[in-house]
Participant: 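Below are the structure tokens for one structure; questions will follow.
Both counts, for ligands and for their atoms, begin at 1 and track the order of listing.
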Amino acid sequence: MELALFGGGPIREEILPYARQYIDDRDLDAVNEVLKSDFLTTGPKAKEFEEEIAEYVGAKYAVTFSNGTAALHGACYAAGVGEGDEVITTPITFASSANCALFMGATPVFADINKDNFNIDVKEIKEKITAKTKAIIPVDYTGQAVDIDGIKELIEGTDIVIIEDSAHALGTEYKGKKVGGLADMTMFSFHPVKTITTGEGGVITTNNEEYYKKLVNFRSHCITRDIEQLQDKDNGGWYYEQQDLGFNYRMTEIQAALGISQLNKLEGFINKRKEIVNKYNKAFGNLEGLILHKNEQYSDTANHLYVLKLDLKKLKTDRKEIYNALIAENIGVNVHYIPVYWHPYYQKLGYKKGLCPKAEELYNAIITIPLFPAMTDKDVTDVIKSVNKIIYYFRK
Ligand SMILES: *Cc1c(COP(=O)(O)O)cnc(C)c1O
């Protein structure tokens with residue numbers, strides 16, 4: 001991008017990332033303490049973190065995993081997803097939401113989005129349900145809750161399992177209830193860009209005891225020592241059985257200790273995110289050249305991403321040039337997401353471009369701008385100034 005185009009230098013001296021973790025001394029102390037303890041993995045901290053997460057979201061059980069993708073894999077296993085099954089998800093998501101079906105030998109099926117709220121569209125899901133549908137994995141994109149009641153209504157009387165991918169939505173409420181206890185299983189991720197972090201990490205929350213037991217087994221090789229579960233109960237104290245094919249997907253005590261400490265800060269994080277989002281909404285809500293997604297009444301959103309949709313009919317350029325112009329201003333922008341089935345791997349599997357036209361239209365027009373709790377007022381102002389400057393410049 002020609003900086004001279006705009007005159008002067010970039011609005012910021014140094015790049016502002018689009019997302020960043022917030023770690024303070026209490027987090028450091030918590031991790032330090034666990035490093036000096038007897039357990040580095042599979043100990044009391046993971047259990048404590050699970051209890052706290054379950055209580056926070058209002059679910060009976062929580063099972064931690066080494067990362068969110070592993071957690072989705074576990075959820076598909078617990079749901080009994082397998083060869084010949086179809087799993088419906090949105091194309092506007094991180095690849096894991098669909099890959100987890102492939103991990104189990106099933107086929108991801110993409111349902112198009114709602115063009116106003118950008119989430120998977122309940123009507124589009126309906127079109128894609130077949131006798132082979134085993135699970136639906138809706139994603140709370142940017143943190144906004146999907147219409148889970150609408151999806152539940154669709155599948156009433158079937159044994160289709162709903163696995164909510166809430167990687168963006170820890171703390172989001174749907175009709176006054178926290179996301180996490182509403183679907184059959186719900187996944188949260190603790191990757192550093194997400195609402196709270198454990199470095200890498202993830203969790204499944206559920207109210208279903210059978211899923212809970214399967215998840216616990218799956219994340220540890222499907223090996224059990226539980227006397228109730230053993231097929232041969234007459235062995236010694238050393239005895240254990242591997243009863244199915246599982247993985248080593250356990251969360252370490254180091255991760256869990258960080259998670260507990262981060263969870264204490266969650267409300268503060270969410271409030272700060274809301275504050276920034278309010279400023280952005282005020283600045284961009286009526287800016288010609290931009291379109292914001294619709295905030296559905298049913299979602300009180302713990303905002304993870306702030307996505308600008310360019311109104312390309314009103315601009316004399318495309319997303320790439322605006323993206324580059326913002327980078328030239330040192331605003332760390334990003335794009336969430338490339339439609340999953342556009343990736344070469346999915347193309348090789350036979351998915352065709354054009355499958356979900358609304359998702360593709362959205363992809364061509366979106367840019368994610370910085371949003372994280374440690375942003376200063378100046379950071380927020382810099383983003384607003386840069387976006388304004390560039391939209392004005394490129395407006396028809
Ligand atoms: C981050 C993310 C995941 C995967 O989580 P990891 O912890 O990075 O494995 C899955 N789905 C969505 C929508 C995500 O944003």
Participant: Would N235 and D232 satisfy side chain to side chain donor-acceptor pair (under 3.5 Å), going step by step from the backbone distance to the final call?
Facilitator: CA-CA 7 Å; N235 270 289; D232 181 352; 2.8 Å; yes
Participant: Within a 6.0 Å radius of atom CZ on R319, are there more than 12 heavy atoms belonging to other residues, nucleotides or ligands?
Facilitator: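 Count over threshold, so yes.
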Participant: Need the list: ligand 1 N/O atoms against protein N/O atoms, distance under 3.5 Å, rounded to one decimal.
Facilitator:
from: ligand 1; atom 1: 5 (O); to: S189; atom 2: OG; distance (Å): 3.3
from: ligand 1; atom 1: 7 (O); to: G68; atom 2: N; distance (Å): 2.8
from: ligand 1; atom 1: 7 (O); to: S189; atom 2: OG; distance (Å): 2.8
from: ligand 1; atom 1: 9 (O); to: G68; atom 2: N; distance (Å): 3.3
from: ligand 1; atom 1: 9 (O); to: T69; atom 2: N; distance (Å): 2.8
from: ligand 1; atom 1: 9 (O); to: T69; atom 2: OG1; distance (Å): 2.6
from: ligand 1; atom 1: 11 (N); to: D165; atom 2: OD1; distance (Å): 3.4
from: ligand 1; atom 1: 11 (N); to: D165; atom 2: OD2; distance (Å): 2.8
from: ligand 1; atom 1: 15 (O); to: H168; atom 2: NE2; distance (Å): 2.8
from: ligand 1; atom 1: 15 (O); to: K194; atom 2: NZ; distance (Å): 3.0
from: ligand 1; atom 1: 15 (O); to: Y337; atom 2: OH; distance (Å): 3.2

Participant: Tell me every residue that passes side-chain contact (heavy atoms from CB on, under 4.5 Å) with A169, counting only those two or more places apart in sequence or in another chain.
Facilitator: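 Result, side-chain contact (heavy atoms from CB on, under 4.5 Å) vs A169: D140, S166, T172.
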Participant: Applying the salt bridge (Lys or Arg N to Asp or Glu O under 4.0 Å) criterion to E50, which one of R250, K60, R219 satisfies it?
Facilitator: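 With E50 as partner, salt bridge (Lys or Arg N to Asp or Glu O under 4.0 Å) holds for just one option, R219.
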Participant: Can you list the residues that meet the side-chain contact (heavy atoms from CB on, under 4.5 Å) rule with V34, with sequence neighbours excluded?
Facilitator: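 side-chain contact (heavy atoms from CB on, under 4.5 Å) list for V34, sorted by chain: S37, K45, E253, I254, A257.
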Participant: Excluding sequence neighbours, so at least two apart, what forms side-chain contact (heavy atoms from CB on, under 4.5 Å) with L102?
Facilitator: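 Here the qualifying residues are N99, P108, Y345, Y346, L349.
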